[in-house]
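Residue numbering restarts at 1 for every chain, and letters A, B, ... go by the order of the sequence lines. Since the structure is predicted, the reported quantities are computational estimates derived from the model, not experimental observations.
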There are 2 protein chains.
Amino acid sequence: MIDPHADRALFRQLADLLRDRIAAGEFEAGDQLPSEAALGQHYDLARTAVRAALGVLRGEGLVEPVRGLGWVVRDRGEPRPVRLRRGDEATVRLGEGLPQVVVTRTDGTTEQYPADTVILRGT
Amino acid sequence: MIDPHADRALFRQLADLLRDRIAAGEFEAGDQLPSEAALGQHYDLARTAVRAALGVLRGEGLVEPVRGLGWVVRDRGEPRPVRLRRGDEATVRLGEGLPQVVVTRTDGTTEQYPADTVILRGT
DNA sequence: CACGATTTGTCCGTATGTATC
DNA sequence: GGATACATACGGACAAATCGT
């Protein structure tokens, strides 16, 4: 499974494995992954490496941590279409958690969506 | 500076401080921050906490690490305007490094930009 | 409502590898 | 080659949130 002598970092190898397991449907939206401790034992890794791997998947929007509970697989359905009309603007705000798409309409109102849940369309 | 008894985590307090110092112009685009070791000594924190703080700023697109060199302040100029015409689509791709805005034109060609460097405009 | 078990969040120390200057 | 700096990885510890009993 994980090769300590491989060129690729251990936490990246683990991220690859977990990503594949999720893609294979082993875990569905809302499901919890095995605990960090369980993953560490199973793959013989320190918790540091396990958390680094989960951090990678988190950055990809695949999973998110719930304190006191575990790591939950995010719901990734079809991106929701959002139309950008004349005068509308959209930017991506980085920072807290998942990047957010902020749409500013002509009248000054704003809408906000998790960046990986929308597809912006011109009109 | 940093209060070990504060409610806020140490690495978040450090992130706040460094963010402020950057905003104040103490470091400009292309400048290097003090090394992780130096920051740890100055603020009396373990390197773990220092790296966590830098990770926060990295996620905000403020700085990026350069192996063997140090942490460099990113160039954050005016976001570049990108027009979305009829049939054009834009999505945000998460994963490797900074999130990327991917624009797919009607003719099938695609353009890609770091997510915090563009402002999408409807037509 | 109280309590314990589980799980993630934060923090420390240490060590080694690798890239840059 | 040597010095510096980030990348990765291990170990241990305690706090805080959640959930079932």
Side-chain angles (χ1 to χ4, degrees), chain A residues 1-19 22 27 30-74 95-98, chain B residues 1-19 22 27 30-74 95-98:
Chain A
M1 301 284 228
I2 287 188
D3 176 11
H5 307 87
D7 228 21
R8 196 163 175 72
L10 300 186
F11 76 89
R12 294 189 194 283
Q13 295 184 52
L14 176 55
D16 293 340
L17 284 174
L18 294 176
R19 191 185 304 107
I22 292 175
F27 307 101
D31 285 354
Q32 290 177 33
L33 297 184
S35 73
E36 296 173 358
L39 289 173
Q41 284 205 341
H42 185 47
Y43 292 103
D44 193 32
L45 293 175
R47 204 183 149 203
T48 320
V50 173
R51 283 184 65 80
L54 292 169
V56 171
L57 302 186
R58 180 192 203 175
E60 297 172 358
L62 283 176
V63 299
E64 62 184 357
V66 180
R67 202 172 170 172
L69 232 190
W71 289 79
V72 177
V73 177
R74 281 187 67 226
E96 330 107 52
L98 275 179
Chain B
M1 303 281 226
I2 288 189
D3 177 12
H5 307 87
D7 229 21
R8 196 162 176 73
L10 302 185
F11 75 89
R12 295 189 194 283
Q13 295 183 51
L14 175 55
D16 294 340
L17 284 175
L18 293 177
R19 191 186 304 106
I22 293 174
F27 307 102
D31 285 354
Q32 290 178 33
L33 297 185
S35 72
E36 297 174 357
L39 288 173
Q41 284 204 341
H42 184 46
Y43 292 104
D44 194 31
L45 293 175
R47 209 182 140 201
T48 320
V50 174
R51 281 184 65 80
L54 292 169
V56 171
L57 302 187
R58 179 193 203 171
E60 297 172 359
L62 284 176
V63 299
E64 64 185 357
V66 180
R67 255 188 111 151
L69 232 191
W71 289 80
V72 177
V73 177
R74 279 187 69 227
E96 330 106 50
L98 276 178

**Student:** On DNA chain D, does the nearest nucleotide to Ala46(A) precede the nearest nucleotide to Gly68(A) from the 5' side, or the other way round? Give the residue.
**Tutor:**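 This one resolves to Ala46(A).
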
**Student:** On DNA chain D, nearest-nucleotide positions of Leu69(B) versus Phe11(A): which is more 5'?
**Tutor:**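 The residue whose closest nucleotide sits nearer the 5' end is Leu69(B).
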
**Student:** Please report, rounded to the nearest Å, how far the C1' atom of dT10(C) is from the CG atom of Leu10(B).
**Tutor:**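 After rounding, the gap between these two atoms is 8 Å.
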
**Student:** Taking CZ from Arg8(A) and P from dT18(C), how many angstroms apart are they, rounded to a whole number?
**Tutor:**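 It works out to 16 Å between those atoms.
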
**Student:** If you count every heavy atom of other residues, nucleotides or ligands that lies below 6.0 Å from Asp44(A) atom CG, does the total exceed 12?
**Tutor:**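 No, because the 6.0 Å sphere around CG of Asp44(A) holds 12 heavy atoms or fewer from other groups.
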
**Student:** Which residues in residues 50-58 of chain A have a heavy atom closer than 4.0 Å to any atom of DNA chain D?
**Tutor:**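 Close to the strand, none.
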
**Student:** Nearest whole Å is fine: how far is dT18(C) P from Asp7(A) CG?
**Tutor:**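 To the nearest whole Å, that distance equals 8 Å.
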
**Student:** Taking the side chain from Glu64(B) and the backbone from Val73(B), do they hold a donor-acceptor pair closer than 3.5 Å?
**Tutor:**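 No, the answer is negative, given that no donor and acceptor are paired below the 3.5 Å cut-off.
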
**Student:** Taking only the side-chain nitrogens and oxygens of Arg12(A), find out if one of them lies under 4.0 Å from OP1 or OP2 of dT8(D).
**Tutor:**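 For dT8(D), OP1 or OP2 has a side-chain N or O of Arg12(A) closer than 4.0 Å.
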
**Student:** Output a table of donor-acceptor pairs, distance under 3.5 Å, between side-chain atoms of residues 55-62 of chain B and any protein atom two or more places apart or on a different chain; print 'none' if there are none.
**Tutor:**
residue: Glu60(B); atom: OE1; partner: Arg19(B); partner atom: NE; Å: 2.9
residue: Glu60(B); atom: OE2; partner: Arg19(B); partner atom: NH2; Å: 3.0

**Student:** Which residues, if any, of residues 31-45 of chain B bring a heavy atom under 4.0 Å of DNA chain D?
**Tutor:**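 The answer is Ser35(B), Glu36(B).
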
**Student:** Taking atom CD as the centre, does Gln32(A) end up with more than 12 heavy-atom neighbours from other residues, nucleotides or ligands that are less than 6.0 angstrom away?
**Tutor:**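 Atom CD in Gln32(A) is packed in, count exceeds 12.
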
**Student:** For Trp71(B) and dC6(D), give me the distance from atom CH2 to atom P, rounded to whole Å.
**Tutor:**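 That distance rounds to 8 Å.
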
**Student:** Could you tell me whether Asp3(B) and Arg8(B) have a side-chain N and a carboxylate O separated by less than 4.0 Å?
**Tutor:**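 Looking at Arg8(B) together with Asp3(B), the answer is no, because their closest N to O distance does not fall below 4.0 Å.
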
